[in-house]
A.B. asks: 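Please see the structure below; I have some questions.
For reference, positions follow the sequence shown, starting with 1. Hydrogens, waters and symmetry mates play no part in the numbers below; they use all other heavy atoms, side chains included. Predicted, not measured: the structure shown is a model, and the values here were computed from it.
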Amino acid sequence: MGLSPDNFHGLTLAVSSSIFIGASFIMKKKGLIKAGTKGIRAGSGGYTYLYEPLWWVGMISMIVGEIANFAAYAFAPAILVTPLGALSIIVSAVLAHFVLEEKLHIFGVLGCALCVVGSISIVLHAPQEKPIHSVKQVWQHATQPGFIIYTFLVLIVVAVLIFRYVPRYGHTHMVVYVGICSLMGSLTVMSVKAVGIALKLTFSEMNQFKYFETWVFVLVVTVCCVFQLNYLNKALDTFNTAIIAPVYYVMFTIFTILASVILFKVIYYMTGSHKVEHRL
């Protein structure tokens, strides 16, 4: 079963994104380690890393990767693009082994391999997405009760994690930081999808930035990215990069696919060499 041209473009961009993002984890980690010797560590609430050039190199690499990822969502479904983040796990795990000397044990290697196998399976059976002709269509989906409830629950859980669990368990349980990043990331991806579509249509001479809905999605992307960046830095500064990457990937993928299913009200059944689409 072949990929459609749009899915192929999305796949290519997503693979490029994974390489840049995987490398950025390592450069940012080295920057955080170096900054930690000069002031308060990021894991303790410090921001000394903002003065560290190596951290900014990693940040630029991540931005380039996210731009490619951003463009990928405009061409392909989130259920196809997001799982390809598994490639960033391989890149970061290999670089962490050689550059940071963070050893990945046999179970870590097995976990990474399972992530890749799962991603390949999803890519091979990636569903065709219903064409979207306006950001207003995405807004209509986003303002349905199902997605509003999901967003409300995410914000409540994130607030509980930040105010109750971060002070108590942030330094000992990486799932706290990673959970915040993953939950906020699912909202980021849905908004990125909307903004990506807006740009794609605008470049096709159908200006979408005249709608206030587009700017709401831009605001959501900005706020969610700031939250993710802050807590991801704390996680990288506190825990092993080779472990953070796969755990973050798995949690982020689960919540993103869940959010995508709720937002677009589509469940994809993959059977043999064909797929059946069932609309709720």
Side-chain angles (χ1 to χ4, degrees), residues 13-70 82 84-113 115-116 166 169-182 184-185 188 222 224-253:
L13 287 165
V15 170
S16 301
S17 168
S18 294
I19 294 173
F20 280 104
I21 291 175
S24 76
F25 274 95
I26 307 306
M27 289 182 282
K28 288 173 68 177
K29 175 75 173 187
K30 287 188 70 68
L32 288 167
I33 293 173
K34 190 173 181 180
T37 63
K38 302 176 182 177
I40 301 175
R41 296 174 61 90
S44 300
Y47 295 93
T48 313
Y49 59 84
L50 293 175
Y51 301 98
E52 179 54 50
L54 189 57
W55 183 86
W56 281 106
V57 172
M59 189 62 193
I60 291 172
S61 178
M62 177 167 280
I63 290 173
V64 172
E66 292 297 348
I67 289 174
N69 199 46
F70 182 94
T82 302
L84 286 170
L87 295 177
S88 67
I89 295 175
I90 305 303
V91 174
S92 61
V94 171
L95 290 178
H97 178 82
F98 291 103
V99 178
L100 300 177
E101 297 184 354
E102 294 181 349
K103 306 304 179 182
L104 192 62
H105 299 295
I106 184 63
F107 290 110
V109 174
L110 178 60
C112 289
C115 287
V116 173
V166 165
Y169 307 110
H171 293 286
T172 55
H173 296 73
M174 67 177 176
V175 72
V176 176
Y177 290 144
V178 174
I180 294 171
C181 293
S182 301
M184 294 301 288
T188 303
T222 303
C224 289
C225 282
V226 169
F227 267 91
Q228 285 179 258
L229 181 61
N230 183 44
Y231 286 98
L232 182 58
N233 280 330
K234 291 178 182 293
L236 287 173
D237 190 49
T238 308
F239 303 102
N240 190 312
T241 307
I243 301 300
I244 286 291
V247 173
Y248 180 33
Y249 161 75
V250 171
M251 290 185 67
F252 176 66
T253 300

A.B. asks: Is the side chain of S182 donor-acceptor paired with the backbone N or O of G179 at a distance under 3.5 Å, no angle test?
C.D. replies: no
A.B. asks: Tell me whether S24 contacts the main-chain N or O of M59 through its side chain, where contact means a donor paired with an acceptor under 3.5 Å.
C.D. replies: no
A.B. asks: Not counting sequence neighbours, which residues clear side-chain hydrogen bond (donor to acceptor under 3.5 Å, both in side chains) with K38? List them please.
C.D. replies: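 Per chain and number, K38 pairs via side-chain hydrogen bond (donor to acceptor under 3.5 Å, both in side chains) with E52.
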A.B. asks: Roughly how far apart are F227 CZ and T222 OG1, rounded to 0.5 Å?
C.D. replies: 12.5 Å
A.B. asks: Rounded at 0.5 Å granularity, tell me how far CG in L13 sits from CD1 in I67.
C.D. replies: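 It comes to 11.5 Å.
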A.B. asks: Looking at OG1 of T48 and CG of L32, how far apart are the two atoms once the value is rounded to the nearest 0.5 Å?
C.D. replies: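 Rounded to the nearest 0.5 Å, the OG1-CG separation comes to 10.0 Å.
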A.B. asks: Not counting sequence neighbours, which residues clear side-chain hydrogen bond (donor to acceptor under 3.5 Å, both in side chains) with Y248? List them please.
C.D. replies: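 With sequence neighbours excluded, Y248 shows a side-chain hydrogen bond (donor to acceptor under 3.5 Å, both in side chains) to Q228, given in chain and number order.
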A.B. asks: With sequence neighbours excluded, what pairs up with V175 under the side chain to side chain contact (heavy atoms under 4.5 Å, CB included) test?
C.D. replies: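 Checked V175 against side chain to side chain contact (heavy atoms under 4.5 Å, CB included); matches are H173, M251.
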A.B. asks: So, do K30 and V57 sit near enough that their side-chain heavy atoms are less than 4.5 Å apart?
C.D. replies: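 No - every pair of side-chain heavy atoms lies 4.5 Å or more apart.
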A.B. asks: So which heavy atom on Y47 is nearest to which on N230, and how close?
C.D. replies: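 That closest heavy-atom pairing would be OH-OD1, 3.6 Å.
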A.B. asks: Just say parallel, tilted or perpendicular for the rings of W55 and Y49, cut-offs at 30° and 60°.
C.D. replies: tilted
A.B. asks: Please assess M62 against L232 for the test side-chain contact (heavy atoms from CB on, under 4.5 Å), listing each intermediate value before the final yes or no.
C.D. replies: CA-CA 12 Å; M62 177 167 280; L232 182 58; 4.1 Å; yes
A.B. asks: Just how far is it from atom NZ of K29 to atom CG of N240, taken to the nearest 0.5 Å?
C.D. replies: 6.5 Å
A.B. asks: What pair of heavy atoms forms the shortest contact from S17 to G65, and how long is it?
C.D. replies: OG-O, 2.7 Å
A.B. asks: For L54 versus G31, what's the shortest heavy-atom pair and its separation?
C.D. replies: CD2-N, 3.9 Å
A.B. asks: Yes or no on side-chain contact (heavy atoms from CB on, under 4.5 Å) for V166 and Y231, after CA distance, side-chain angles and deciding distance?
C.D. replies: CA-CA 10 Å; V166 165; Y231 286 98; 4.2 Å; yes
A.B. asks: Give, for atom OG of S16 and atom CD1 of I21, the distance between the pair rounded to the nearest 0.5 Å.
C.D. replies: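 One gets 10.5 Å once the value is rounded to the nearest 0.5 Å.
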A.B. asks: With side-chain contact (heavy atoms from CB on, under 4.5 Å) as the criterion, how do Y177 and N233 come out once you've worked through the C-alpha distance, each side chain's angles and the decisive distance to 0.1 Å?
C.D. replies: CA-CA 9 Å; Y177 290 144; N233 280 330; over 6 Å; no
